[in-house]
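Numbered from 1 within each chain, the chains take letters A, B, ... in sequence-line order.
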Protein chains: 2
Amino acid sequence: MKTQPKNVSCELCISRKFSLFAGVADQHLCHVSENKNFISHKKGQILFYEGTKPLGVFCINEGVVKVSKTASNGKEQIIRLAKKGDFLGYTALLGEESYSSSATIVEEAKICFIPRESFLKVLSDDNAFQQKVTKAICNDLGIMESKLTDATQKSIRERLAFTLLKLCENYGIEGQEGQKIDIVLTREEIAGLVGTATETVIRLLSEFKKDELIEFDGKKIIVLDKKGLARLSDFYG
Amino acid sequence: MKTQPKNVSCELCISRKFSLFAGVADQHLCHVSENKNFISHKKGQILFYEGTKPLGVFCINEGVVKVSKTASNGKEQIIRLAKKGDFLGYTALLGEESYSSSATIVEEAKICFIPRESFLKVLSDDNAFQQKVTKAICNDLGIMESKLTDATQKSIRERLAFTLLKLCENYGIEGQEGQKIDIVLTREEIAGLVGTATETVIRLLSEFKKDELIEFDGKKIIVLDKKGLARLSDFYG
DNA sequence: TCAAAAAGATGACAGATGTCACTTATTTAG
DNA sequence: CTAAATAAGTGACATCTGTCATCTTTTTGA
């Protein structure tokens, strides 16, 4: 976790247009630029631990980060995967509480750390930004409600099919024979995403493969039949 | 759903001290008082439906409201129970989206409806209020993360035990033989809260009764052994 | 007050899913 | 490059939980 010599300014950051900073005026951002730290991380490194206090927020410039919680049985539940342009840790900061989850690098990432004060300053300086952050959190809440409902009311098979579709949406790249999910996740991580046992994921994935819904390309999954997965993921197609 | 003649002002409202309006200056509240509608509702009445657009927020003065989502299998997942002092529907409003869930009266309720404009006005007039709302939403997100993790990683028995403890915390009144959960929920509603089938709740509740963890007083549940339930609700006690 | 509806309860049963144990393949590190 | 560690895969098996069917009890409403 070393600080890079080149500190790309937020104003010039390429991933800014995907982020909550998209519409923020340069004059508000320069304070952030001056105070943030640009750091690169390797797979497996941890940005923050559940239960610790937030000192600022993280902004992902490149790469993939998993936000997860460890259940009382020791298994890891992945709450969501964050990617380029996503902010991390602001809910704990704004909620004035400890992190409710941990964040771990899944794929080689470049990440900026924005200290608490700088982030709060933009928030109070720029009303539109404040509003956008609030909006984002509210949207997240709606998503969590759906996830909770799915978790209790759907079978593992349905949830796995749904998870694959979502991954496809977020990390899919077109190939000749369907979309390739361009992100390497272990079976254990997929299990954490779905909320099930690793063995169950392995079994269901090979079932999906047998049914020609997906196939494997090394460690990556290629989705051959989106419609089929969609049909599986819900009681109605 | 009739408008009451007596429109209690927010400034004088007794449940205000439990609510997000607690610290708001009277001068900011009077605009709300003038524009809100005080309405009383009967059990079973619906405040809003999932999928419709929010026109304002609801503030519960008295009673209990369930916030729920209908899963694709037709079953109802109860996201949370709201009570005196709780606001409803502001996440959809601030998230600029349709309601992600429905709200239904569970126990005879008195509820104020605050029109969109009035609510947004207080929000922009009172910075501390804005901050408090943001904080509340962030806290809710943390809670949802825990609920999701519990839903995927815990057994139904554990979740039911946990649900009973939570109900006890929120609606418990001291009795001679343990705490009585002073709210009437059908077995189906408890099932919706836990995220399981009604029959399973019935069976587990009678198992809990047999094990002298709880007993019934009419439609209400008396928790006899909190420690025992806590032990059941988690792998570590 | 009485019939209909809703809620509660119980049994039988099947199937999905978790656990455990073990093997094989792949990756990592010394 | 080889050994160790990690990940993937497979089988056996138990059991929790959902579904369906049926019955009883309670509540509701006309």
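- Of the residues listed (K83(A), E62(A), K84(A)), the one engaging S15(A) in a side chain to side chain contact (heavy atoms under 4.5 Å, CB included) is K84(A), and it is the only one.
- Salt bridge R187(B)/E199(B): absent, no basic N to carboxylate O contact under 4.0 Å.
- K75(A) has a side-chain polar atom (N or O) that falls below the 4.0 Å cut-off from OP1 or OP2 of dT19(C).
- When the P atom of dT17(C) is taken as reference, atom CD1 of I190(A) falls 16 Å away, rounded to whole Å.
- Taking only side-chain nitrogens and oxygens, K219(A) never comes nearer than 4.0 Å to OP1 or OP2 of dT26(C).
- The distance from atom NZ of K43(A) to atom OG1 of T104(A), rounded to the nearest 0.5 Å, is 12.0 Å.
- The side chain of T200(B) approaches dT17(D) more closely than any other nucleotide in the set dG9(D), dT17(D), dT19(C).
- Between the CZ atom of F216(B) and the P atom of dT25(D) there is a distance of 16 Å, given to the nearest Å.
- Spacing between atom CD of E199(A) and atom P of dA14(D) amounts to 17 Å, rounded to whole angstrom units.
- For R203(A), counting side-chain heavy atoms from C-beta on, the closest listed nucleotide (dA12(D), dG18(D), dC20(D)) is dA12(D).
- Between D150(B) and R159(B), none of the side-chain N atoms (NZ, or NE/NH1/NH2) sits under 4.0 Å from a carboxylate O, so this pair counts as no salt bridge.
- Rounded to an integer number of Å, the gap from CG of L185(B) to C1' of dA7(C) is 13 Å.
- Summarising the geometry, the separation between CD1 on I202(B) and C1' on dC23(D) is reported as 13 Å, rounded to the nearest angstrom.
- Close to dG18(D), at under 4.0 Å from its OP1 or OP2, lies a side-chain N or O of T196(B).
- The two residues V65(A) and A103(A) have their closest heavy-atom pair at CG1-CB, 3.9 Å.
- Nucleotide dT25(D) holds its P atom 21 Å from the CD atom of E188(B), rounded to whole Å.
- Note: CG (L205(A)) to C1' (dG9(D)) measures 11 Å, nearest angstrom.
- For G195(B) and K43(B), each mapped to the nucleotide of DNA chain D holding its nearest heavy atom, the one lying further toward the 5' end belongs to G195(B).
- Atom CD1 of I156(A) is separated from atom P of dT19(C) by 11 Å (rounded to the nearest Å).
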